[in-house]
Amino acid sequence: SQQGEEDPQALSIQEGENATMNCSYKTSINNLQWYRQNSGRGLVHLILIRSNEREKHSGRLRVTLDTSKKSSSLLITASRAADTASYFCATALTGGGNKLTFGTGTQLKVEL
Amino acid sequence: ETGVTQTPRHLVMGMTNKKSLKCEQHLGHNAMYWYKQSAKKPLELMFVYSLEERVENNSVPSRFSPECPNSSHLFLHLHTLQPEDSALYLCASSQDWGQGEGYTFGSGTRLTVV
């Protein structure tokens, strides 16, 4: 398996519900980032959490990082139809420069 | 627009053609990246340039040839590609190579090799 793996692969929820996506990784990291991709488009940077941080918020997004378990979660609260997209975690390894390794993503569908 | 512009958006080319993908950023970033995104696979890092110098080449076949003439422009020259090279090619930039920070991506070039 690769450095970053998201779980679940696909998630379907109703508008207004919360969406939680998880990411696991294998080696020591400098930071972990979450990105969103709308169908066939480029990725958009959402949030970055450093290895010495445990939780970070940005608007309706909440990210946690547990370095002992090598895992992170992304919570989107009060989801909207516009949140429908693929979400990727990416890790920057310790001593790896700014090279990011991406997972395969979670496809989120928010239905009206 | 994110500040990173990729052209063309779509490209169909035969296996014997030569074409180039272009990426341009005016964000003042010093590092630029090429990634390949194929269906059902994680993004694959291809090349990294920092201050116009290539710092990473991820075992990419020689039919892909990058060029970074200045810190604002990045090209990916393509020749004698294979059908399995069909994918979304994404360019990204970041402020620097050595610092852990986020990327700004372009919208990508959807490449189809026939």
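Quick note on labels: first sequence line is chain A, next is B, and so on, each numbered from 1. As the structure is a computational prediction, the values presented were derived from the model and not from experiment.
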Engineer: Is the centre of the Phe102(A) ring less than 6.0 Å from the centre of the Tyr35(A) ring?
Structural biologist: yes

Engineer: Go through the atoms of Gln37(A) and report whether side chain, backbone, both or neither lie under 4.5 Å from a heavy atom of chain B.
Structural biologist: side chain

Engineer: Between Tyr33(B) and Asn98(A), do the side chains contain an N or O donor and an N or O acceptor separated by less than 3.5 Å?
Structural biologist: yes

Engineer: Does Gln107(A) have more than 12 heavy atoms from other residues, nucleotides or ligands lying within 6.0 Å of its CD?
Structural biologist: no

Engineer: Which residues, numbered in order, of residues 72-91 of chain B come under 4.5 angstrom of chain A by heavy-atom distance?
Structural biologist: Leu88(B), Leu90(B)

Engineer: Please collect all salt bridge (Lys or Arg N to Asp or Glu O under 4.0 Å) contacts where either partner lies in residues 23-48 of chain B, sequence neighbours excluded, each pair once.
Structural biologist: Lys22(B)-Glu24(B), Lys41(B)-Glu44(B)

Engineer: At a 4.5 Å cut-off on heavy atoms, which part of Glu101(B) comes close to chain A: side chain, backbone, both, or neither?
Structural biologist: both

Engineer: Considering residues at least two apart in sequence or located in another chain, which fulfil the salt bridge (Lys or Arg N to Asp or Glu O under 4.0 Å) criterion with Glu55(A)?
Structural biologist: Arg62(A)

Engineer: Verify, without hydrogens or angle tests, whether Glu6(A) (side chain) and Cys89(A) (backbone) share a donor-acceptor contact under 3.5 angstrom.
Structural biologist: yes

Engineer: Do Thr64(A) and Ser73(A) have a side chain donor and acceptor closer than 3.5 Å?
Structural biologist: yes

Engineer: Report the relative orientation of the aromatic rings in Tyr35(B) and Phe105(B); use parallel for angles under 30°, tilted for 30 to 60°, perpendicular for over 60°.
Structural biologist: tilted

Engineer: At what distance, to the nearest 0.5 angstrom, does OG1 of Thr106(A) lie from CG of Asn22(A)?
Structural biologist: 8.0 Å

Engineer: Write out, in numerical order, the residues from residues 43-54 of chain A with a heavy atom short of 4.5 Å from a heavy atom in chain B.
Structural biologist: Leu43(A), His45(A), Leu48(A), Arg50(A)

Engineer: Step by step, work out the salt bridge (Lys or Arg N to Asp or Glu O under 4.0 Å) result for Arg60(A) and Asp83(A).
Structural biologist: CA-CA 11 Å; Arg60(A) 294 184 295 113; Asp83(A) 294 328; 2.9 Å; yes

